[in-house]
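The analysis underlying the following values was restricted to heavy atoms, covering all of them including side chains, and did not include hydrogens, waters or symmetry mates.
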Amino acid sequence: MERRDPDSAEIERLVEARTCELSAFSAHLQALAEQEKSQLARTLHDELGGLLTAAKMDLSWLQSRMSGSPMQERLAQLGGVLDEAMDLKRRVVEQLRPSLLDHFGLPTAIRAHMESTCAERGLECEVLVEHPCDSLPRETAIGLFRVVQEGLSNVVRHSQCRRVKLVLAGESGRCRVTLVDDGRGFDSGAPLQPGSHGLMRMRQRIRSLGGSMSIDSRPGAGTTVRFEVPVAALPSGAPSSPTADFPTAR
């Protein structure tokens, strides 16, 4: 029987312990960032939204009392600027904390994001919900939504595709997502490239949720990204899964 060097075994133990610590710390930072985003979204919605609404009401009052005035055109222009500001506020709030996710759940939020993003880029889009992932913990739902956002962003920036398909399926205590594009693809078996932050963020989010992720791609044959997480939340302080399959990034 082959005997292991005690020093090598100790180094492996220390590396594994440090990896778990860093993974847990990364998950903590992600959760903290989402909390800060949620708080900022509420502040913008309530306080900035209130200020803009009050400004619109005051503007309407002025317009009603200056009918026929030479200032009417300038007031109308100011109204247009306020409308743009309110629309910008709404878009920023949605980026920070998607309201559809909180009010209607993960499938609706993912479908709306996929369809709006693909429409802006002129891409064909298909979203299939085979089995809704019901009763997801809030942290798991926002984590999966962010991974879909990141994955679609990678597709838009790098794939040069025409069609994108997403399949969401919940069964056997797992929530599974498959994202497929018909773009240029890449060698998923090659070493990880420097600066591949998008896919690294996806991997770490999935690991922090106790899930796994795999990528299947070949040059000229498109890309398929699969990831799944348990429906039940991980116990507080539990180590995340170290088993995510993670080929090269774009």
Provide the closest heavy-atom pair for [X] versus [Y] in the form atom of the first, atom of the second, distance.
X: V231; Y: P137; value: O-CD, 2.9 Å
X: S217; Y: G185; value: OG-CA, 3.3 Å
X: R146; Y: K37; value: NH2-CD, 3.8 Å
X: G210; Y: P230; value: O-CD, 3.5 Å

Not counting sequence neighbours, which residues clear side chain to side chain contact (heavy atoms under 4.5 Å, CB included) with [X]? List them please.
X: D58; value: none
X: M66; value: S69, M71, Q72, L75
X: R162; value: D182
X: S153; value: R157

Which residues satisfy the side-chain hydrogen bond (donor to acceptor under 3.5 Å, both in side chains) test with R90, sequence neighbours excluded?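 R90 satisfies side-chain hydrogen bond (donor to acceptor under 3.5 Å, both in side chains) with D87 only.
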Residues in side-chain hydrogen bond (donor to acceptor under 3.5 Å, both in side chains) contact with S60, at least two apart in sequence or another chain: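 Applying side-chain hydrogen bond (donor to acceptor under 3.5 Å, both in side chains) to S60 gives none.
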Can you tell me which residue pairs pass the disulfide (SG to SG under 2.5 Å) test with a partner in residues 56-112, sequence neighbours excluded?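 For residues 56-112, and leaving out neighbouring residues, there are no disulfide (SG to SG under 2.5 Å) pairs at all.
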L106 and its side chain to side chain contact (heavy atoms under 4.5 Å, CB included) partner, picked from T140, L101, L100: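 Exactly one option meets the side chain to side chain contact (heavy atoms under 4.5 Å, CB included) with L106, and it is L101.
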What donor-acceptor contacts under 3.5 angstrom involve side-chain atoms of residues 42-52, with partners at least two apart or in another chain?
from : atom 1 : to  : atom 2 : distance (Å)
R42  : NH1    : S38 : OG     : 3.0
R42  : NH2    : Q39 : OE1    : 2.9
T43  : OG1    : Q39 : O      : 3.0

Side-chain H-bond candidate by donor/acceptor type, R201 with Q204, under 3.5 Å: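 No, because no side-chain N or O of R201 sits under 3.5 Å from a partner of the opposite role on Q204.
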Side-chain donor-acceptor contacts of residues 76-86 below 3.5 Å, not counting sequence neighbours, with atom names and distances?
from : atom 1 : to  : atom 2 : distance (Å)
D83  : OD1    : K56 : NZ     : 2.8

Applying salt bridge (Lys or Arg N to Asp or Glu O under 4.0 Å) as the test, list every pair that has at least one member in residues 164-176; sequence neighbours left out.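 For residues 164-176, and leaving out neighbouring residues, the salt bridge (Lys or Arg N to Asp or Glu O under 4.0 Å) pairs sorted by first residue read E171-R176, R174-E228, R176-E228.
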Give every donor-acceptor pair under 3.5 Å between a side-chain atom in residues 115-132 and any protein atom, sequence neighbours left out.
from : atom 1 : to   : atom 2 : distance (Å)
S116 : OG     : A112 : O      : 3.0
S116 : OG     : H113 : O      : 3.2
T117 : OG1    : H113 : O      : 2.9

